[in-house]
Amino acid sequence: KRFKVELDPDSEVLSLIGSKEGIGHIPLAFINPKDVVLCPSPGYPVYSIATIFAGGEPYFIPLYEENNFFPDFSSIPEDILKRTKMMFLNYPNNPTTQVATEDFFKNTIKIAKAYNIIVCHDAAYSEIYYDEKNL
C-alpha cells in the first residue's frame, strides 16, 4: 500500500529467509550463459557473483559523484544493452546513501522496456529515512 503497488499474493509474492537469498538465486531463473547483467559499482558483491554462478556476464555500471551516484545508461555500449537481461539497482544506495528520484526510475523503466531488461531493485534500505537536521 505504501508504494502504491498491487500484487497477487498467490502468483507475485515469494517469501524468503532474507534478501540475499533472492538476489543470489534470481539470476539462476532468468540468466543464460553469455547474458549480461548490469551491476552497480560500488555495489553488493552478490549481484555479480550470482550472475557468474548463472553463467552470465556482469557489466559494471559506475556510480560517480558527478552523476549524483546514478548509473549513466547512455554510457553503456549498444551491443551490451542488446545482450542485457537483468539489472540490479539499490536505492537508497549502499554505500553512497543516494536516494533515487522519480525521474531516475522513469528513465530506468524506459531503458528496461526498450531492451527487455528485468529490473531487480534491492530496496533493503527503504526504511531508513534522513532529514536535513540529521545530515
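Not measured: the values here are computed from a predicted model.
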Asks: For N90, does its backbone N or O pair with a side-chain atom of N93 as donor and acceptor, under 3.5 Å?
Replies: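 Yes; at least one donor-acceptor contact below 3.5 Å.
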Asks: Within a 6.0 Å radius of atom CD on E12, are there more than 12 heavy atoms belonging to other residues, nucleotides or ligands?
Replies: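 Result for CD/E12: enclosed.
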Asks: Compute the ring centroids of F88 and Y44, then answer whether they are less than 6.0 Å apart.
Replies: no
Asks: For a side-chain contact (heavy atoms from CB on, under 4.5 Å) with M87, tell me which candidate from V36, T108, V37, I61 qualifies.
Replies: T108
Asks: Return yes when atom CZ of F105 has more than 12 non-hydrogen atoms of other residues, nucleotides or ligands closer than 6.0 Å, and no otherwise.
Replies: yes
Asks: Look at the side chain of N67 and the backbone N and O of Y64, then say whether any donor-acceptor pair between them is shorter than 3.5 Å.
Replies: no
Asks: Roughly how far, to the nearest 0.5 Å, is the CG atom of D72 from the CG atom of L63?
Replies: 10.5 Å
Asks: Would the number of heavy atoms belonging to other residues, nucleotides or ligands and lying under 6.0 Å from CD of E6 be above 12?
Replies: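 No, CD of E6 has 12 or fewer neighbouring heavy atoms, counting only those of other groups under 6.0 Å.
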Asks: Is the count of non-hydrogen atoms from other residues, nucleotides or ligands lying under 6.0 Å from E78 atom CD greater than 12?
Replies: yes
Asks: Over 60° means perpendicular and under 30° means parallel, so tell me whether F70 and Y91 are parallel, tilted or perpendicular.
Replies: tilted
Asks: Might you confirm whether atom CD1 of I17 has over 12 heavy atoms from other residues, nucleotides or ligands at distances under 6.0 Å?
Replies: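 It does not: I17 CD1 has 12 such atoms or fewer within range.
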Asks: Just wondering, more than 12 heavy atoms not from N116 lying within 6.0 Å of its CG?
Replies: no
